[in-house]
Structure formats: structure tokens, C-alpha cells
Amino acid sequence: MEIIGIIDYGSGNIHSATKAFENVAKDLKKEIKILRIHNAADIKLCDRVVLPGVGAFKDCKAGLVNIDGLVPTLEKKILDEGAPFLGICVGMQLLADIGFEGETTPGFGWIPGVVDKIPTTAGLKIPHMGWNTIKFNRAHSIFNGLENKGETIVYFVHSYYFQVKKMEDLLGICDYGSEITAVIGKDNIIGCQFHPEKSQKIGLKFIKNFINWSP
Amino acid sequence: MLKSRIIPCLDVNNGRVVKGTNFVNLRDAGDPVEVAKIYDEQGADEVCFLDITASHENRDTIYDIVRQTAEVCFMPLTVGGGVSKIEHIRTLLLSGADKVSINSAAVKDNNFVRYAADKYGSQCIVVAVDAKKNDAQNKWEVYTHGGRINTEIDVLHYVERIVSLGAGELLITSMDKDGTRSGFDNILVKKITDIVNVPVIASGGVGNLQHLVDGIKLGHADAVLAASIFHFGEYTINEAKQYMKERGINVR
């Protein structure tokens with residue numbers, strides 16, 4: 001049996017994320033257990049880890065740091081042992097070196113880049129809220145079965161975005177006045193700005209791809 | 001580019017859809033979870049629950065409904081009605097709501113919105129405004145408590161202030177239009193979309209699909225909300241999207 005841990009640190013979308021993963025897992029051939037993670041010890045049990053996140057960068061970071069030993073255990077699991085990791089929304093933004101939302105706050109630094117305010121160009125509203133098309137920068141297993149001609153439309157809600165330092169880490173973008181980072185990836189790490197747990201069939205497909213992914 | 005959203009809205013009282021719905025093949029047309037599932041399947045961009053339960057003892061019912069909905073619908077969910085404490089917001093979000101809509105409590109204490117946005121982020125704080133035109137003074141006024149109390153506050157001043165305090169979206173219901181099936185108050189919606197930089201949902205008055213188009217084209221709304229035209233099976237969400245698409249609106 002494979003265990004997928006979803007880190008529960010008081011983030012708003014934990015219930016929806018857990019239910020979406022359970023929904024996908026029940027139809028797969030391999031036996032999967034979705035486990036809500038509340039402490040460092042639970043991380044050690046996991047084969048894959050998901051970090052959801054809603055709210056402000058610094059609050060999410062503080063929520064994780066406040067759980068004794070969680071961040072170092074997670075780093076060991078992902079960076080040393082190579083367990084597949086998915087960060088969602090702020091859970092993805094936390095992978096950056098630094099976040100500029102409110103107070104400047106250091107992130108995990110797993111994927112080089114910064115998290116800054118979405119540039120406000122002519123008439124575009126902040127937050128970037130609603131359904132937008134994503135385009136893939138390059139092929140990746142996470143996009144299996146999804147098409148790249150404008151029909152891959154997913155749900156976003158955010159005011160800050162991840163500016164990657166290395167183009168090779170940028171897997172997918174969306175157009176919101178300027179190019180906004182939608183999906184990033186490096187080795188065994190994936191991050192998505194949109195909410196797969198809220199993106200209906202396409203979101204569930206993305207989750208399925210993550211569960212089936214062998215980096 | 002970002003798509004215009006269609007949001008069916010359900011009024012929920014003690015855990016039941018008010019006045020019911022008219023879907024065939026639905027085991028229980030008054031069950032908000034079942035109705036939300038139908039809208040999910042039809043491709044609604046979001047679903048809105050408005051809890052109009054009067055007694056405080058029965059407030060917990062809405063949390064259960066949100067929890068059950070989030071177990072079967074993987075789409076954005078906005079919940080409002082009687083939200084007056086941070087604890088309400090917290091419980092709704094943890095139950096699976098993506099956005100929480102605040103109405104009277106935001107008028108009573110504007111700083112409640114600031115506090116809520118600081119704590120949970122602007123992206124999940126919707127401020128709902130019930131607006132009614134005062135023809136004599138040529139302005140729109142903010143009403144509270146389900147439209148029973150006229151605060152005499154100028155709607156345009158209010159929305160500017162509440163957005164500056166952290167509201168991440170506005171849900172504008174015209175009380176003049178609500179229930180008339182004669183279309184949104186697009187003049188009001190346009191005046192609001194002109195002065196704020198957050199998404200605006202137009203509500204109140206939809207009687208046909210052209211009204212949805214007008215809300216986007218004339219009101220410049222980011223999303224359009226309707227109840228009865230969808231509940232009673234006059235139109236499906238798909239039909240609404242098709243109609244809007246044919247008239248040049250960018251829908252999903």
C-alpha cells in the first residue's frame with residue numbers, strides 16, 4: 001500500500017484537497033491511503049507528500065514552522081529520499097527562496113525564485129480569480145491526458161505569483177495580462193498555482209497524474 | 001484569458017433549498033448537496049449557498065452541508081448568510097468553502113472585513129451588498145438584514161471603502177431588480193466595476209439568458225449569479241454558456 005500524506009497545518013483547503021485525493025485514489029488499481037499529516041513522525045510514513053495552502057505566505061510558513069520538526073523532516077523526505085511532492089497554491093509558492101507578500105519571508109528555497117505581486121496591467125483585477133487556460137512549456141508526466149490547445153482550463157485564486165529563476169523549472173503558464181506561472185517542477189517536486197481540488201475533471205486528472213508519477 | 005463565470009445560487013434554510021428545485025431524476029430536489037452535484041455536472045463555474053436559517057441553534061446545519069458538498073463537488077464553493085464572527089469564517093473554510101460572503105456584519109463593522117482578510121486572505125473574503133436606488137437623491141443605498149434595514153449609506157462610497165479594507169470580491173444584488181426577471185441593474189454594476197479593482201458578481205433580476213450577457217457586456221461584471229432560471233429547469237448551465245459564447249463572451 002502507498003501512503004500519500006497531506007500536510008494539515010490549519011490551511012483552509014485541507015478538507016477539499018483530502019476529498020479530491022480520496023476520490024481519485026478509490027478508482028486506481030494500486031491501493032492508496034490518504035493520510036492527514038499533523039506532525040513530523042507522520043511524514044516518515046509517507047510515499048508522497050502534498051502541501052496545500054490558502055492564505056498569506058508568512059502565515060502558511062509560520063504554520064509549518066510551528067509544528068515541531070516538520071520542516072526538517074519534510075526536507076529529508078523530499079530532497080534526500082526523493083519522495084514525490086506536490087505543492088498547491090501557497091503550498092507551491094513556499095518552495096521559492098523568498099516571498100514578498102506582506103512582510104518579506106524566506107521560503108524553503110527548493111526551486112529558485114521569488115513570490116511577488118501579480119503585475120497590475122490595464123484593467124486587470126487582483127486577485128486573479130476564476131477559470132483560466134494553462135499552456136505547457138514542455139512535456140511532463142503531470143500533463144498526461146491533458147491537451148495543450150486551450151481546453152485545459154483550471155481554477156485560480158491568488159494575488160501573488162511565483163517568478164522562477166530558471167526557465168527549465170517552469171512547466172506551465174497562464175495568460176493574465178502577463179505570463180503567470182501556473183505549474184513548476186524540478187526533479188521529484190511539482191507545484192501548481194491553480195487548485196486541482198477545485199478544477200473539476202481536469203483537476204482530478206492532474207491529481208491522478210501526480211499519484212501515478214514516478215520521477 | 002480569464003473566463004466569465006456563471007454562478008447558480010441556492011438559498012438554504014435549515015439545511016433545505018428554499019422553494020426547492022425542479023430537476024427531474026433527482027432523488028431529493030430540496031437537498032442542497034444533490035442540487036450542487038447537478039450544477040457541478042452541468043459545468044457551473046462556482047456554486048453559492050446563502051444560508052437564511054434564522055435560529056442560531058440550527059447554524060451548524062450549513063457546516064454539514066458544506067462538508068458534504070466538498071466531498072462530492074470538486075468546484076469552487078462560496079457560502080454566505082449570517083456570517084458575523086471570525087469563527088464562522090474559519091469553520092466554513094475548514095468545512096470546504098473556498099470563499100465566505102459577509103453582508104450585514106461588514107456594514108456594521110467595516111474592520112471585520114479588514115480582520116477577516118488579514119487572517120484568511122482577501123481571496124476568500126466576498127462582501128455581499130444589497131443595494132436599492134434612492135431616486136430622489138439619485139444614489140444607491142446599502143440595505144442590511146436581508147433587505148429590511150436601510151442604512152442610507154451610499155453604495156459607491158461603501159464598496160470603495162470595503163475593498164480598500166481587504167474585500168477580495170463583491171457580490172452586488174439589486175433589490176430593485178431581485179425577483180423581477182427583468183435583468184440586472186447594469187447601471188449600478190458598471191458604476192461599481194469602474195471604481196473597484198476586484199472581481200464583481202452581478203446578482204438580482206435574471207429572467208433569461210440575454211440578461212446574463214448584458215451583465216457581462218453592459219455591467220462589465222466578472223461573474224453572473226442566478227437562481228430561479230436554473231433551479232426550475234428553464235435553462236441548463238450548458239445552454240447559458242452556449243448562448244453567451246455565441247454572443248462573444250469568453251466562457252469555459
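Chain A is the first sequence line, chain B the second, and so forth, proteins listed ahead of strands; every chain is numbered from 1. In this text the structure is predicted, and so the values were computed from the model without any measurement.
Crowding of A/Lys149 atom NZ: a count of heavy atoms from other residues, nucleotides or ligands under 6.0 Å not exceeding 12. Remark: A/Glu31 CD is loosely packed, at most 12 non-hydrogen atoms of other residues, nucleotides or ligands lying under 6.0 Å away. The number of heavy atoms from other shown groups lying within 6.0 Å of NE2 (A/His38) is above 12. Summarising the local packing, CG of A/Asp68 is surrounded by 12 or fewer heavy atoms from other residues, nucleotides or ligands at distances under 6.0 Å. Counting non-hydrogen atoms of neighbouring residues, nucleotides and ligands closer than 6.0 angstrom, the CD1 atom of B/Ile187 reaches no more than 12 such neighbours. More than 12 heavy atoms of other residues, nucleotides or ligands shown are found within 6.0 angstrom of NZ on A/Lys61. In the displayed structure, B/Arg161 atom CZ is contacted under 6.0 Å by at most 12 heavy atoms of other residues, nucleotides or ligands. The local environment of CD in A/Glu179 is sparse, with at most 12 non-hydrogen atoms from other residues, nucleotides or ligands closer than 6.0 Å.
The CE atom of A/Met129 sits 10.0 Å away from the CG atom of B/Leu2 when rounded to the nearest 0.5 Å. With rounding to the nearest 0.5 angstrom, the OG atom of B/Ser122 is 14.0 Å from the NE2 atom of A/His158. In this structure, OG1 on A/Thr133 lies 7.0 Å from CG on B/Asn250, to the nearest 0.5 angstrom. Here A/Ile126 contributes atom CD1 and B/Asn197 contributes atom CG; the two are 6.5 Å apart, rounded to the nearest 0.5 Å. To the nearest 0.5 angstrom, A/Leu204 atom CG is 6.0 Å from B/Phe74 atom CZ.
For chain B, the nearby part of A/His128 is the side chain; its heavy atoms alone come within less than 4.5 Å. With a 4.5 angstrom heavy-atom cutoff, A/Tyr155 touches chain B only via side-chain atoms. With a threshold of 4.5 angstrom between heavy atoms, B/Asp118 approaches chain A through N, CA, C or O but not through any side-chain atom. Both the backbone and the side chain of B/Arg67 come within contact range of chain A, with heavy atoms under 4.5 Å apart. Within the 4.5 angstrom heavy-atom criterion, only backbone atoms of B/Lys119 (N, CA, C, O) approach chain A. Heavy-atom distances place no part of A/Ser159 under 4.5 Å from chain B, backbone and side chain included. At a 4.5 Å heavy-atom cutoff, A/Ala56 makes no contact with chain B through either its backbone or its side chain. Both the backbone and the side chain of A/Asp175 come within contact range of chain B, with heavy atoms under 4.5 Å apart.
Contact check for A/Val54 versus B/Gln123: side-chain heavy atoms found under the 4.5 Å cut-off. You'll find the side chain of B/Asp98 stays beyond 4.5 Å of the side chain of A/Glu197, heavy atoms only. At a threshold of 4.5 Å between non-hydrogen side-chain atoms, the residues B/Arg252 and A/Gln200 count as touching.
The two residues B/Gly168 and A/Pro127 make their nearest non-hydrogen contact at O-CD, 3.5 Å. In plain terms, the two heavy atoms of B/Gly96 and A/Lys198 that are nearest each other are O-NZ, 3.5 Å.
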*Tell me, with the steps shown, if B/Glu71 and A/Glu22 meet side-chain contact (heavy atoms from CB on, under 4.5 Å).*
CA-CA 9 Å; B/Glu71 284 171 19; A/Glu22 285 174 357; over 6 Å; no
